[in-house]
Chemist: 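First the structure, which I've put down as structure tokens, then a few questions once you've had a look.
We're numbering straight along the sequence, starting at 1. Every value quoted in this text rests on a predicted model; they were computed, and no experiment measured them.
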Amino acid sequence: MRYAVLGTGTGTGGRTIAGKLASPDHEVVIGTRDPQATFARTEPDGYGNPPYSR
Ligand SMILES: NC(=O)c1ccc[n+]([C@@H]2O[C@H](COP(=O)([O-])OP(=O)(O)OC[C@H]3O[C@@H](n4cnc5c(N)ncnc54)[C@H](OP(=O)(O)O)[C@@H]3O)[C@@H](O)[C@H]2O)c1
């Protein structure tokens, strides 16, 4: 299955949802206004979700 998490994608809610959905059988993409800024974050959020990486 392929999923897209939009609107809350890079926030805590979206990161948690994407992390639960992602697996070798399921592809997840995230919407963001600024991919460079999103990928530049290096800290996990306060809920233990890791930063995004390419
Ligand atoms: N976190 C919680 O525990 C919690 C609990 C209950 C309810 N909520 C609600 O859930 C919603 C999301 O919260 P969150 O903490 O997961 O994430 P968040 O940090 O509030 O939201 C981040 C997301 O919103 C997008 N965004 C922010 N400002 C925007 C704008 N002006 N135009 C378009 N997109 C914009 C961001 O996109 P970019 O990547 O482009 O910046 C990112 O995808 C909020 O309404 C919050 O009140 C959160």
Chemist: Who are the side-chain hydrogen bond (donor to acceptor under 3.5 Å, both in side chains) partners of Thr16, not counting sequence neighbours?
Modeler: Asn49

Chemist: Got a sec, which residues hit side chain to side chain contact (heavy atoms under 4.5 Å, CB included) with Asp25, two or more places apart in sequence or on another chain?
Modeler: Ser23

Chemist: Can you sort out the partners of Arg2 under salt bridge (Lys or Arg N to Asp or Glu O under 4.0 Å), two or more places apart, ordered by chain and number?
Modeler: Glu27

Chemist: Apply side-chain hydrogen bond (donor to acceptor under 3.5 Å, both in side chains) to Thr12 and list each qualifying residue two or more places apart in sequence or on a separate chain.
Modeler: none

Chemist: What residues form a side chain to side chain contact (heavy atoms under 4.5 Å, CB included) with Ile30, not counting sequence neighbours?
Modeler: Val5, Thr10, Ala18, Val28, Tyr52

Chemist: Can you list every pair that meets salt bridge (charged side-chain N to carboxylate O under 4.0 Å, His left out) and has a residue in residues 37-48, with sequence neighbours left out?
Modeler: Arg15-Asp45

Chemist: Going by the ring-ring contact (aromatic ring centres under 6.0 Å, His included) test, which pairs reach into residues 17-37, not counting sequence neighbours?
Modeler: Tyr3-His26

